[in-house]
Amino acid sequence: MLTRRCFLRGPAVVMAGYGSAPLWLARAASAAETKRKTLVVIFQRGAADGLNIVAPFSEPRYKELRPMIGIQAPGGMNGPNGPIDLDGHFALHASLQPFKDLWQKQQLAIVHAVGSPDPSRSHFDAQDYMESGVPGKVCADGWLNRALPAAGPETSPLQAVALGPQMPHTLRGPRPAISVSALQSLQGGNDETAGVLESMYAASADQRLAATGKDAFAARRMIQSIGRQPFDGPRNNAFLQGGELGRNLQQLARLIKADAGVEAAFAEIGGWDHHGNEVGQLFGVLRQFGMAIDAFCKDLGDRMEDVVLVTMSEFGRTAQENGNGGTDHGHGGVMMVMGGPVRGGKIYGRWPGLEPEQLYEGRDLAVTTDFREVLSELVSRHLGQKDLSQVFPGYRRGEGLGLLKG
Amino acid sequence: MTRLVIVTTILTVVPANAQNSFDIKLPAEQRSVHALNRLTFGPRPGDVEAVRRIGIEKWIAIQLHPESLPEDSVLEQRLRQLDTLGLDTATILKDYPVTTMRPMQRPQPTEIVTQEQFSALLRGREEDQLAVLNKLDATKRRQILTYLPPQNFAYSPELKKEAEAARMAEQEERQQELRKMNPPLQDLLSPEQARMATGGTPEQRQELFASLDPAKLQQVASAMAPASLAGFPELRRQGMMKRFPQQLAFSDLKEGRIYRAVYSSRQLQEVLVDFWLNHFNVFEGKMNVRPLLPSFERDAIRPHVLGRFKDLLLATARHPAMLYYLDNFESTAPEIFSIGPFADPVGFTVQGLSRRAHGINENYGRELMELHTLGVKGGYTQQDVIAVARCFTGWTVRQPASDPTFVFAAFMHDTGEKVVLGHKIAAGGGEQDGLQVIDILAHHPATAKLISRELAQRFVADDPPPSLVDRMAQVFTKTDGDLRAVMAAMFAAPEFFSQGARLAKVKSPLEMVVSSVRTSGAEVTDPWMLVQRIADLGEPLYGKVEPTGYPNTAEAWLSTANLLGRISFASELMAGKLAGVKVDPVRFEGQNQLAIARELLEAEPSPAVRDAMETGFEGKDPAPLSIAAVVMGSPDFQKR
């Protein structure tokens, strides 16, 4: 495994021609023992169907609403490969087998009937609100960016990392954040021309390009130095089965293990908008989702003690299946929280029920827990950001769910 | 110190209030390049001069009438090589199947046992399963076991092992057969040749390919990953045709997009095709969509980009690609319990239930209003979404495999009364219900506004002046949605040629890649690598999963990964590392960095770019092509 000291051997060479080493590098060298906490956010774009991912299998009403696509009770014909019984009431979808172990080790907590108070059933609007953390309002930056401490000279250029070629709304904002698609491919020209380009961007009159350029070149140096370290062994093959999310989480695991100073990370996985033929489609996408996250947790091993991973989606789907073996846009959904600090093996949140009068607008799972309640707890307890009024402006916290230990 | 002073000067010249800057006229010498930046995928060498010569107004008028403009002869020659582009969907489905690799015909489960017996084996109790199995002869027993999950027999370790062994043997057999049909490279070439084929220089590979006889060459081509045949388009096409013919049709489509963007003389039309394909986004990975894409672009989008909006809207509403992508093909009246001969015949869920449609699917109805016409704040409700979905029930696809064309299936249609945005649609209607909705939406003021705003966002600025959008919307309404008239009004508006619009847009990955190729004057003989790089930068063609399409504004593309990716691309392009894209190695010989920058940017470089080159390259004498790469990676070149 890479250590901070190991990582520090490389950069001197890379730094040549760029002036003196920045302070964060010096800090990294002196503070080898202070481990950083990392919060990883995984967004399921397209409105994941909480009712089939964590299914209330024991409710007769569930089967009435979903005669074709409902999850079967655990222990049926698929035996150990079928749905995973969590508490006699809820079952995890069968393709989330890798999570069984996490649940049993109490490193996986589930929050059900969770979502945004905003009634929008538009993917675009609802994602926007969830990513900004300010439902119902237009807000240019994202909650995860505001959750970070202001960047100082000691802050790593990789403090906030988005995996993928675009900068997600969740991480946009005043704190430097970088996006990474493939560590190896981030050459950004050769070292000779990189210096010239860096000066160009630094002096650009376009503030947005200047800011992006500044982050990009700092990150480039750091990533190059990590890239020169030997890659961690063959067990990483597990990531491949997790598709694009797996590949992205593999990059992230590598950065975390290299002590690159990652405090916030964002990755996403699309393909949850199952208006038809949900059974087959959900099986496939959940399988990748489960494999990718499981590989990430396994790869980090002990380092998961410092990592909390949370999953979210813009809204859930209609309680009743539609005419095409699918579901339409709904309201309440499910979030999962994983990691060493998590008080797992438990389902959080008040279950609102599935009777017609219990459903939101008579059709969707109601929201009984505001997604900001979950995130507030992770931001304040795990990232240590006590001032939540900037992260979720206008949100009055409830009593807290007690998702984290200690 | 100097740099600081310069930055301050710029800030005082460009007013801080963006609204005002749309009132400031562009100086005459900046107008041609600005028009080229907006109506084309970027100027090529000589374009600015040509526009000046013709006169900007006249040049814009020509671009607004592409039908009168002769097409570029190089483009026509390039497109001829992509011979699937003109094919209709039925032909693609027939002659370009997903794969040619058909393993041996194995009997289906119900050809081995009865349906009842199979159900018993799948879901029955232990004794039912054993009763069936024990009646079968050895061959049938082995055959049927390959269809059953071994864990079905968890109660008997021996039986479970037998089932596992049957599966393994069957898979092994299949693989052997496939290997014989499609031998891997190491079965075809000597180790030395195989190394050359995948890792050799272009010259070495050329030499190797030339030494093989045609039959062998085709086998070799089909054994290689398409990516390692970049720069050998004919060979790659042969290889794909042999194994995955439908991939060939899809890659022809993507390559055609790039060829047109780079070479077409009808540039505005190509920019608009990109805009409208994105507005009416469909995703290649959704069921049945991929083989329909050539027709979607050619028949639904292209003919209407400068026509009437309503025609465009209707063409997309009826196109099977959209019907599949937004699920309308299977939306039915609630009481209908079968979709009959129409739509997807594969009707089995994992539970083995036959899939029957019995109700509406809201997907198209919602996105039609939110994204295609009114906009999310356009004033519709959930009740309107349901009503619109009911109006479109029965708009489906005749037969997905043999006759993938639009059909109105009356028996799927919800004939009840509906109220859409306050308009009553009488009971007893048919296809007319959907047509009426198209009409209501196409003529709604919110639609005029949304379309005008989106166009202004693409052609003027991320946050276009509301006054401009309003005037465009008025033209839209007055002309019954004549898109050519709306475009003409926008180009004639003072805001279009204003300081506020100049270099206000950050290029999308497609725009960045294509504009680099155009300004460098590179010759493209194989667009494969360009298609890949655009995808690497986050904008795969036809690859946006969500119906929103790609963002039209800067934020999404302003990321570190994107910036470094663009810089890498520029450096690859100018170093000649993109197979199939050839830059002129001596074009910039003997020119200094300032001259190179002016030529590539078609403008005076910004002080930031000029100063950084002066300081950074001082005493270093970099190669002209390195300077060119830096200019294309610079902040100035990321904008248009």
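To find a chain, count down the sequence lines: A is the first, B the second, and so on, and within it residues start at 1.
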Using only heavy-atom distances, determine whether the side chains of [X] and [Y] contain a donor-acceptor pair under 3.5 Å.
X      : Y      : result
B/T381 : B/Q383 : no
A/H274 : A/D49  : no
A/H275 : B/N363 : yes

Flag the one option from [options] with the top tally of heavy-atom pairs under 4.5 Å to chain A.
options                        : answer
B/E370, B/R366, B/Q638         : B/R366
B/S626, B/G538, B/G616, B/S634 : B/S634
B/I627, B/T548, B/V376         : B/V376

Please state whether the side chain, the backbone, both or neither of [X] comes within less than 4.5 Å of a heavy atom of chain A.
X      : answer
B/E572 : neither
B/V609 : both
B/E546 : side chain
B/L563 : side chain
B/E367 : side chain
B/V385 : neither
B/K377 : side chain
B/A556 : both

message = Between A/E278, A/M200, A/M167, who has the most heavy-atom pairs with chain B when the cutoff is under 4.5 Å?
response = A/M200
message = Please rank A/T318, A/L209, A/L171 by heavy-atom pairs under 4.5 Å with chain B and give me the top one.
response = A/L209
Chain B contact via [X] - side chain, backbone, both or neither, heavy atoms under 4.5 Å:
X      : value
A/D215 : both
A/R121 : both
A/A210 : neither

key: Interatomic spacing from CG in A/D141 to CG in A/L144 - rounded to 0.5 Å   = 11.5 Å
Residue pairs fulfilling salt bridge (Lys or Arg N to Asp or Glu O under 4.0 Å) with at least one residue in residues 631-640 of chain B, sequence neighbours excluded = A/D206-B/K639, B/E511-B/R640
side-chain contact (heavy atoms from CB on, under 4.5 Å) between A/Q166 and B/S559, intermediate numbers included = CA-CA 6 Å; A/Q166 293 182 20; B/S559 76; 5.6 Å; no
request  = Kindly indicate whether the side chain of A/N322, heavy atoms from C-beta on, has any atom under 4.5 Å from the side chain of B/E362.
outcome  = no
request  = Determine whether B/R566 and B/P509 make a side-chain contact, defined as any pair of heavy atoms from C-beta on separated by less than 4.5 Å.
outcome  = yes
message = Strictly distance-based, threshold 3.5 Å: is any side-chain N or O of B/T332 a donor or acceptor partner for the main-chain N or O of B/M412?
response = no
request  = Decide, yes or no, whether a salt bridge links A/D273 with B/K286 under the criterion of side-chain N to carboxylate O below 4.0 Å.
outcome  = no
